[in-house]
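Comments concern the structure below.
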Amino acid sequence: MSKLLLDERPLQVQASLAGALKSLDEAVILQQLHYWLQRSNTVRDNHKWVYNSMADWNKQFPWLSRKALSNHFKKLEKRGLIITGNYNKLSFDKTKWYRIDYDAFSHLEQRLGRNYPTNGKNLPNGDGKNCPIGEEESTQPIPIDYQETTQKTTTRDKGQAQPAQPSIAAQRREVVEYLNQKNWQALQA
């Protein structure tokens, strides 16, 4: 077995979430928080909550420094997507509790003029467009044997050839390679 292949549970995120947040790291953090909230049995003020120290969160996101991770959480909290609280029994215990404000998340989707369903047959496909109701395949996977084409465009002014924007498949490959590299570095540490 290769250490470059996944033997552990991967962190996953939709490209549309990363695009909406303009940050892959923040998208992964929100997705992971959502994952833990779905499994939480801790309910306070009619909401599910999870708690962790920044050091414990950092174990789940080893490619980020603790300072960078803390900054991402602060940005998400400032945007109103994450709510924090302190439900600790001891006054000196400063462990933060976290939840997602799903209503604010819905408003973010509406401001973007898109509606990204979270379940069912209307999940966004690989192009970020909603699949029609009743369609059996809800997503378009990246083919293993895809060929990346590079096209050249010319500028009207100078007539110089310039590379076209990277394809969606190339962008996806770049994200997967980045995450695999960070996973490899974490295994080496």
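The model shown is predicted, which means the values in this text are computed figures rather than measured ones.
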*Is a side-chain donor-acceptor pair under 3.5 Å present for Trp97 with Asn88?*
yes
*asked:* side-chain contact (heavy atoms from CB on, under 4.5 Å) for Arg99 and Leu37? Distances and angles first, verdict last.
replied: CA-CA 7 Å; Arg99 73 175 178 88; Leu37 285 169; 4.3 Å; yes
*Calculate, to the nearest 0.5 Å, the distance between atoms CG and CD1 belonging to Leu81 and Ile29 respectively.*
12.0 Å
*What pair of heavy atoms forms the shortest contact from Val28 to Phe61, and how long is it?*
CG1-CE2, 3.8 Å
*Any side-chain donor paired with an acceptor under 3.5 Å for Ser53 and Asp56?*
yes
*Apply side-chain contact (heavy atoms from CB on, under 4.5 Å) to the pair Leu69 and Phe73, showing each step before the final yes or no.*
CA-CA 6 Å; Leu69 181 61; Phe73 269 94; 3.7 Å; yes
*Quick one: NZ on Lys78 to CG on Asn71, what's the gap to the nearest 0.5 Å?*
11.0 Å
*asked:* To the closest 0.5 Å, what do you measure between NE2 (His47) and OH (Tyr102)?
replied: 11.0 Å
*Please name the pair of heavy atoms, one in Ala104 and one in Gly80, separated by the smallest distance, quoted to 0.1 Å.*
CB-O, 3.3 Å
*Which atom pair, heavy atoms only, marks the closest approach of Met54 to Tyr98?*
CE-OH, 3.6 Å
_Please identify which of these residues, Leu21, Leu30, Ile82, Asp25, meets the side-chain contact (heavy atoms from CB on, under 4.5 Å) condition with His72._
Asp25
*asked:* If hydrophobic clusters are built by linking Ile, Leu, Val, Met, Phe, Trp and Tyr wherever their side-chain heavy atoms come under 4.5 Å apart, do Trp57 and Leu24 end up in the same one?
replied: yes
_Ser70 side, atom OG; Lys96 side, atom NZ - distance, nearest 0.5 Å_ = 7.0 Å
*asked:* Testing the basics here: between Ser40 and Trp49, what is the closest heavy-atom pair and its distance to 0.1 Å?
replied: OG-O, 2.7 Å
*Going from CD on Glu26 to NZ on Lys75, what distance comes out if it is rounded to the nearest 0.5 angstrom?*
5.5 Å
_Distance (rounded to the nearest 0.5 Å) between Tyr51 OH and Tyr87 OH_ = 14.5 Å
_In the structure I gave you, are the side-chain heavy atoms of Ile100 and Ile83 within less than 4.5 Å of one another anywhere?_
no
_Whether the side chain of Asn58 engages the backbone of Leu64 through a donor-acceptor N/O pair (distance < 3.5 Å, no angle test) should be reported._
yes
